[in-house]
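Positions are given from 1, in the same order as the sequence printed here.
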Amino acid sequence: FQIRTTLRHNKFRQHKVTLDISNDGIHFSSDLSESSIPWDHFFKWKENRTLILLYFVDNQFAVFPKRLFANESEWQEFRSILISNVKKPR
């Protein structure tokens, strides 16, 4: 319940965010702010068939749903970048 209430009142969700994913890291931009995070600031990633979790620390992560990507090719390119730059737990 607390999560649902928090998300419902989160004003950040009202702003479009653009992601630029490259071999250098991830660049986030919106009308509120910009931020770049190099790959060495992430320590692991996990995936299932519908999303990827990219971890900053053990209990903090960014969620990348597959539906954010335009097509399967972009999804696979993102996975390839992660494989090259961030370790995946066994």
Show me the pairs that pass side chain to side chain donor-acceptor pair (under 3.5 Å) and involve residues 55-64, at least two apart or across chains.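 As it turns out, the side chain to side chain donor-acceptor pair (under 3.5 Å) pairs with a partner in residues 55-64, which skip direct neighbours, are Lys44-Asp58.
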
Side chain proximity check, Phe61 to Leu53, heavy atoms < 4.5 angstrom: yes

Within a strict 4.5 Å, meaning less than it, do heavy atoms of the Ile37 and Phe28 side chains meet? yes

Quick check for you: to the nearest 0.5 Å, what is the distance between [X] atom [atom1] and [Y] atom [atom2]?
X: Lys16; Y: Leu32; atom1: NZ; atom2: CG; answer: 14.0 Å
X: Glu34; Y: Asp20; atom1: CD; atom2: CG; answer: 10.5 Å
X: Ser29; Y: Leu19; atom1: OG; atom2: CG; answer: 8.0 Å

Are the side chain of Trp39 and the backbone N or O of Ser22 linked by a donor-acceptor pair below 3.5 Å?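 Flag set: sc Trp39 to bb Ser22 pair under 3.5 Å.
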
State whether the side chain of Trp45 and the backbone N or O of Ile52 hold a donor-acceptor pair below 3.5 Å, judged by distance alone.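 No; judged by distance alone, with no hydrogens or angles, the pair does not exist.
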
Before giving the answer on side-chain contact (heavy atoms from CB on, under 4.5 Å), spell out for Ile26 and Leu54 the whole-Å C-alpha distance, their side-chain angles and the decisive distance to 0.1 Å. CA-CA 11 Å; Ile26 299 177; Leu54 190 51; 3.6 Å; yes

Could you tell me whether Glu74 atom CD has more than 12 heavy atoms of other residues or ligands within 6.0 Å of it?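 Enclosed.
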
Atom of Asn85, atom of Ile81 and distance for their closest heavy-atom approach: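 That would be ND2-O, 2.8 Å.
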
Taking all atoms of both residues into account, what is the closest heavy-atom pair of Pro65 and Leu51, and its distance? CA-CB, 3.9 Å

Run the side-chain contact (heavy atoms from CB on, under 4.5 Å) test on Phe42 and Val57 for me, step by step, so that the C-alpha distance in whole Å, both residues' side-chain angles and the decisive distance to 0.1 Å come before the verdict. CA-CA 7 Å; Phe42 299 101; Val57 295; over 6 Å; no

Please identify each residue that fulfils ring pair (Phe, Tyr, Trp, His ring centres under 6.0 Å) with Phe43, with sequence neighbours left out.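 Expected list: none.
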
Worked verdict on Phe78 versus Phe64 for ring-ring contact (aromatic ring centres under 6.0 Å, His included): CA-CA 10 Å; Phe78 180 49; Phe64 294 87; 5.1 Å; yes

From the options Arg67, Arg79, Lys66, select the one residue that forms a salt bridge (Lys or Arg N to Asp or Glu O under 4.0 Å) with Glu72.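 By the salt bridge (Lys or Arg N to Asp or Glu O under 4.0 Å) criterion, Glu72 pairs with just one of Arg67, Arg79, Lys66: Lys66.
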
